[in-house]
Every structure is written in C-alpha cells, then in structure tokens.
Peer 1: 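Okay, handing you the structure first.
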Amino acid sequence: MKIVIAEKPSVGRELAKVFGATTRKDGYIEGKGYSFTWAFGHLLQLAPPQDYGFIGWRKQHLPMLPAKFKLAIRKIKTKDGFVEDPGVRKQLDIIKKLFDEATEIIVATDAGREGELIFRYIYYFLKCKKPFKRLWISSQTDEAIKDGFRNLKPGTDYDTLFNSAHCRSESDWLVGMNATQALSISAGNKSVLSLGRVQTPTLAMVCARYLENKNFVPQTYFQIGIQLDKDGQLFKAISVANYKTQEEAQAIFDKVEDVASGVALGGNITAVEAKPRKEPPPLLHDLSSLQQEANKKHGFTADQTLNLLQNLYESKLVSYPRTGSRYIGDDIFATVPALINNLVVHPEFGRSATFLQTATLSKRSVNAKKVTDHHAILPTGIQPQHLSKDHQAIYDLVVGRMLEAFHQECVKEVTKITIESGTTFQANGTVIRSAGWRSVFNEVEDDKKDEDNPALPKVKKGELLPIVNKALLEKQTKPKPLYNEASLLKALETSGKEIEDEELRYAMKDSGLGTPATRAAIIETLLTREYISREKRNLVPTLKGLAVYEIVKDKKIAQAELTGQWEKRLEEIRAGASVTEFKAEIAEYTKNITQELLVAGASLSAQLAETPATV
DNA sequence: GCAAGGTC
C-alpha cells in the first residue's frame, strides 16, 4: 500500500478523487492501491521550556539553549489549561498505522518551507525510517496532480529545504521564549511580556505611528476658494498656492475680483485640459486584501474575516482562504465563465454577470507564474443556502471581486481648468465615461477630495466667467493616520520594502512580516497581551505596549530587518549552505538579547505597577 | 505562562 500524506484534508480528498480512490475511512481515503491521508497543518510543535527541565520562569535558566529540541503534540487551551489536542492525537495515530503498513510514502504537503516541515516533524516524531518521495506541484488541477505523480522527486532532494524550515522554527523558539522570559522576569514577573521576531516589530510599528501622530504639530496654512458660474452651472476652484500667514492670503484674497465687488467677469480661463484616465480592473483577492476590504467596508477584524472565510471554505463555498496569491492559472480561468453564469440570477450581481457572459474577460488576474501554493480566492460555484449576515457579507466580497477582476477597465475623464484672478486657481473634475468594473458594486470612491467637482461645465480657454463667491480657507497639515486593522495588515505585508540594505530587502520581497495565515493571529496576540487596544476602528498602543516599546525600540528584535536577515540566511541554507554557522549565530544573539533584557526590564517594574492598563 | 508557523 502506498501512502500519500497531504497538509490538510481538502487536498488529501482532492488527490484521492483524481486517483479514483473512493473508500472513505476514518482519517483517510483508500482505493487503487493507495491510501490518502492528511495532517491539519502543524500537528507537532517544538516542546515548551518545561520539557527540558526549565520549570518556572527563573533567571538562572536563561538563556535556555536546548542541546536537542523535542517535539510535542499540538496543544489546545481548555479550562484546565493546555492539553494535547485529541483530534491531533487521533490523526497522528492514523498516520502512524498507515506509515507502518506502507510500502512507499509520498509527501504531498504544500510545496514550500512550512509544508516540508509539517511532514518531517511527523516523520521524525513517529520515528519512521521508510523512504519517501515528494510530490511538488503548484496547482491543484487534475492535470497538474497527475503530472506531479508521474514526476515524483526523491525525498532527499528536499533535505536542505527542511534544514531551512527547521532553523526557522528553532530560531523563533530560542529568540521568542528567551526574550519573553527575560523581559517578564526582569520586569517583576507580574504579567507575560511577550517578544518575538514578528510580534515585536509589529508592536513597534503601532507604537511609532501612534507617537508620530500624537506628537504631530499641525501647521496652519491658508488657501483661497472661489466659485464660478458658467451659464448657471456653478463649480469650485482653489488657489494653487498655499499661504503661510493670514495677511499674505488676505492680500491676494482682496485682489480676487467677484460679482459682489462689481466685477462681473472676474475669472479668466487660461487653460483647459481634459484627459481620459483608464483604471484596470483590480486583482482577485488574496487573504490579506480581502481582510483589508472587509475591514474598510464592514469593520470586521482580520481575525473575524479569516474565521468567516474558513467557515465558507469548510462549507465548500469558496476556495482555499489562506492564500498569498492574487492570481489564478489558465486551468482555473477556464472554469470562470461557468462561475459567472451561476450569478446571472443574483439580485445584486446579476446585471454584471449577464454583461460578462458576452464580454471578453480581462486576464489581468491570470498568471500561472504568480500562483504560489494556492491561487487567489474564488467562489466554488456551489450555491450558498441560508448564510448568516456576516458570512453573506464576506461571500459577496469574494463573488463581487471575481466579477470586478474579469470586467473591463473603468474609463474616467479628468478635467483641469486653470483660472486667473489675482492668483492662479485650479478646478478639478472627474467624470466616469465608462464604469467598467466599477459598475459591480457601484460605490463612490472613498479617496475623493471635497474640493473635487463631480463634473465640470464645458468651458474654453480665454473665456471670462463671473466669480460668484470667494472664501479664505484656513487649513491644517495632517499627521499620518493611526493604524487600523486594514492599514496594519498592508504595512505588515509591505514591511521590508523600505529596508535600505538591498540584499535584505530582496530577501523579504516575497514575504513581509508574518504570513497570510498568521497575520490575524499576530494582531490578536498583541491585543491579548494588552500591548494594544482597539479604539473605534484604530489600533493604538496601551501604556504597557509603549513601555515595552521604549525598551526594545532600538534593538534588532523590534525591527523588520531581523526577518530580512534570517530570510537571506535561510535561503542560503535551502541552497545548500551549512546550518552550523547560522545556529551558532542565533545562539549568540539569543544570549545577548537575553542579557540585555534581563537588565533593561528593571525600569519597567515600577512603571507597570503605577500605570493603568490603557492610555 | 512564553514564538511563529500551519489548520479544523
């Protein structure tokens, strides 16, 4: 019997289907000489400190540097504390039984670093010695699966990939566990002050933005606004220049001729420019863009959106949710017309779907090379029944975005009119000539400036128009806004893009901080630790968060660059470099940060005692 | 009690 092990049940079932294996057993599917089983993501994790004899949080244990790491079955939190997840234990038993009977093991976990680690941890935990082959595919279509099985790779081809994954895992443990205990202990052991490669730079971003926002000194400046009349149609224009003082602005203001002052034709049109602007349809959603959209449109948190989406996935209504790709391959594209046909009777989207039935579909989101482990989020075509309001909202975002992504470009006409009257004024107007993809939701854009006119009248250069109104406008410069769930997700995704060191920037180009699957959890962790809190839709630091930030802000652990440095080294390891040197460096860094924090945390002790939890 | 990673 050949055993195929997938990362998750949905993939195991899909592989079984392609082979025509149909006998459903508890935890696997059998048929055609194969058994198809699966994990549920990581079943095993690095054992916690107490498993190495580091009982309690004590200064003399630090730094904790286990000579050999142990694996432990994934735990869940219950009212009696942390216990082994019974579902995980059961599935491991099933996998063990299958491995014992196996003539051959085929590894079909996701094609990437963590997929490799998920399998290897199971394999080593079960002390399995049988050889294994690797299925390496980047698309889940029947053809890609069959092709992959015809081209199975020797399992040892991926030893270096496992090495890099293993280093990532142990390094995160060493730095995270030690730094957390060091800071918590030195701050008096009153609460958990967690630190980590991802959560601490994230906290730093929230704190830095908060302080920048709070300490921002607004600058007052002045502009002049006028209203002109073209044959009864009024429109607004604003001075191109900003004035630092009211006197300066007033002097110009007095020169602006207007009807009230008896000058009927005060505005001289010096230029008219009308240009079409084309906006291509947006890309399909990946998890992060969907979380951002759901936060903006419905106020859902990243965590809520992920949960709702996971439910839809489990009900087989949408494709795999934790994807980082906004593209699909040609094979999936071939199924899109049928998905669109499903929607012609839809009350909200029927009109767009009907239009797309006969239109040429945009291929902007079609690019097999940009599909990584999973493609962009799409509906499956199964008709939903009785969705809750929240599930429906998320489902509609998925379906609506699909229609947008394959729709036509939006064509706008952007008009700029320049007017002279004492100074130079400009009027901006945007008219949608052809809504294209924007017709799907038919919403007003949120980034509209209030000085913009919806439509401008037809005017010609050299025309004189009466200014019927003028106003001296007092304005203030604005700080960068506080982070909210959407902007923080975006910042995590793109962090690394601003790193100065080119090599580190390159190393982080595909990753950012965290992964699509973990970013919601990172935000939740910071909330659980009471480092940050939600205020309306914003994420702001607490006093505790700010106090921790003050201690770590100049240290490597608070910087996205740390991930860049690791990624660079991990990629070298994947390409065959030795792991000994990297491990030694991590051990050295662990010792240093632990020492630093054992000293630095003392200042926190008094501070945390006398301050309330929130700002 | 603690990381980051994956998933039901």
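Chain A is the first sequence line, chain B the second, and so forth, proteins listed ahead of strands; every chain is numbered from 1.
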Peer 1: What's the closest nucleotide to the side chain of Tyr313(A) if the choices are dC8(B), dA3(B), dG1(B)?
Peer 2: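 The nucleotide sitting nearest to the side chain is dC8(B).
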
Peer 1: How would you label the contact of Pro49(A) with the nucleic acid (heavy atoms, under 4.0 Å): base, sugar-phosphate, or nothing?
Peer 2: base

Peer 1: Is the NZ or CZ atom of Arg569(A) positioned over Phe582(A)'s six-membered ring, under 6.0 angstrom from the centre and within 45° of the axis?
Peer 2: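 The answer is no, since Arg569(A) fails at least one limit relative to Phe582(A).
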
Peer 1: How many Å lie between CD1 on Ile73(A) and P on dG5(B), as a whole number?
Peer 2: 23 Å

Peer 1: What is the distance, rounded to the nearest whole Å, between atom NZ of Lys190(A) and atom P of dC2(B)?
Peer 2: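 Taking atom P of dC2(B) as the reference, NZ of Lys190(A) is at 18 Å.
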
Peer 1: Tell me whether the count of non-hydrogen atoms from other residues, nucleotides or ligands lying under 6.0 Å of NZ in Lys133(A) goes above 12.
Peer 2: no

Peer 1: Return the 5'-most residue of the pair Pro48(A), Glu114(A) with respect to DNA chain B, ranking by each residue's nearest nucleotide.
Peer 2: Pro48(A)

Peer 1: Should the pair Lys544(A) and Tyr549(A) be classed as cation-pi, given the thresholds of under 6.0 Å to the six-membered ring centre and 45° from the axis?
Peer 2: no

Peer 1: Please report, rounded to the nearest Å, how far the C1' atom of dT7(B) is from the CG atom of Leu306(A).
Peer 2: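 Taking atom C1' of dT7(B) as the reference, CG of Leu306(A) is at 10 Å.
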
Peer 1: Base, sugar-phosphate alone, or nothing: which one does Gln181(A) contact when heavy atoms must sit under 4.0 Å apart?
Peer 2: base

Peer 1: For the side chain of Pro9(A), counting heavy atoms from C-beta on, which of dA3(B), dC8(B), dC2(B) is nearest?
Peer 2: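 Closest nucleotide among those given: dC8(B).
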
Peer 1: Would you classify Arg529(A) as touching base, sugar-phosphate or nothing, given that sugar-phosphate means primed atoms plus P, OP1 and OP2, and contacts are heavy atoms under 4.0 Å?
Peer 2: sugar-phosphate

Peer 1: Measure the distance from CG on Leu62(A) to C1' on dC2(B) and round it to the nearest whole Å.
Peer 2: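 Between C1' of dC2(B) and CG of Leu62(A): 11 Å.
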
Peer 1: What nucleic acid atoms does Leu46(A) come within less than 4.0 Å of, heavy atoms only: base, sugar-phosphate, or nothing?
Peer 2: base

Peer 1: Write down the distance between NZ (Lys75(A)) and P (dA3(B)), rounded to a whole number of angstrom.
Peer 2: 15 Å

Peer 1: I'd like to know if Glu314(A) reaches the base of dC8(B) with its side chain such that a donor and an acceptor end up less than 3.5 angstrom apart.
Peer 2: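 For Glu314(A), whose side chain was compared with the base of dC8(B), there is no donor-acceptor pair (under 3.5 Å).
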
Peer 1: For Asn178(A) and dG1(B), give me the distance from atom CG to atom P, rounded to whole Å.
Peer 2: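 The answer, rounded to whole Å, is 17 Å.
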
Peer 1: More 5' along DNA chain B: Arg58(A) or Val88(A), using each one's nearest nucleotide?
Peer 2: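 Residue closer to the 5' terminus by nearest nucleotide: Arg58(A).
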
Peer 1: Determine the minimum heavy-atom distance between Ser288(A) and Glu493(A), stating which atoms define it.
Peer 2: OG-OE1, 2.9 Å

Peer 1: Taking the side chain of Ile522(A) as its heavy atoms from C-beta onward, which of dC2(B), dG5(B), dT7(B) lies nearest to it?
Peer 2: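 Taking heavy atoms from C-beta onward, the closest nucleotide is dG5(B).
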
Peer 1: Rounded to whole Å, how long is the line connecting atom CG of Asn311(A) with atom P of dT7(B)?
Peer 2: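 After rounding, the reported distance stands at 16 Å.
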
Peer 1: When only distance counts, do a donor and an acceptor, one from the side chain of Gln199(A) and one from the base of dC2(B), lie under 3.5 Å apart?
Peer 2: no

Peer 1: Just how far, in rounded Å, is P of dG5(B) from CD of Glu567(A)?
Peer 2: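 Spelled out: CD on Glu567(A) to P on dG5(B) is 9 Å.
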
Peer 1: Which part of the nucleic acid does Gly87(A) contact within heavy-atom distance under 4.0 Å: base, sugar-phosphate only, or nothing?
Peer 2: nothing

Peer 1: Give a yes or no on whether Glu84(A) atom CD has more than 12 heavy-atom contacts from other residues, nucleotides or ligands under 6.0 Å away.
Peer 2: yes

Peer 1: Centre of Tyr52(A)'s six-membered ring, under 6.0 Å away, within 45 degrees of the axis: is that where NZ or CZ of Lys70(A) sits?
Peer 2: yes

Peer 1: When rounded to the nearest 0.5 angstrom, what distance separates CG in Leu71(A) from CD in Gln45(A)?
Peer 2: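 One gets 9.5 Å once the value is rounded to the nearest 0.5 Å.
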
Peer 1: Would you jot down, in residue-number order, the residues of residues 156-177 of chain A having a non-hydrogen atom under 4.0 Å from DNA chain B?
Peer 2: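 Those residues whose heavy atoms fall under 4.0 Å from DNA chain B, taken from residues 156-177 of chain A in numerical order, are Arg168(A), Ser169(A), Asp172(A), Trp173(A), Gly176(A), Met177(A).
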
Peer 1: Report which part of the nucleic acid Arg322(A) touches: base, sugar-phosphate, or nothing (heavy-atom distance under 4.0 Å, all strands).
Peer 2: base

Peer 1: So which nucleotide from dA4(B), dT7(B), dC2(B) ends up closest to the side chain of Trp57(A)?
Peer 2: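 Among the listed nucleotides, the one closest to the side chain of Trp57(A) is dC2(B).
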
Peer 1: Closest approach to the side chain of Val192(A), judged atom by atom: which nucleotide of dA3(B), dC2(B), dG5(B) is it?
Peer 2: dC2(B)

Peer 1: Less than 4.0 Å between a side-chain N and a carboxylate O, is that true for Arg534(A) and Glu524(A)?
Peer 2: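 Arg534(A) and Glu524(A): salt-bridged.
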
Peer 1: Quick check on Lys59(A): does its NZ atom have over 12 non-hydrogen neighbours (other residues, nucleotides or ligands) under 6.0 Å away?
Peer 2: no

Peer 1: Across the strands shown, which category fits Glu7(A) at heavy-atom distances under 4.0 angstrom: base, sugar-phosphate, nothing?
Peer 2: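 Contact class for Glu7(A): sugar-phosphate only.
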
Peer 1: Looking at Ser194(A), I'd like to know whether one of its side-chain N or O atoms comes within less than 4.0 Å of OP1 or OP2 on dA3(B).
Peer 2: yes

Peer 1: From dG5(B), dT7(B), dG1(B), pick the nucleotide closest to the side chain of His42(A)?
Peer 2: dG5(B)

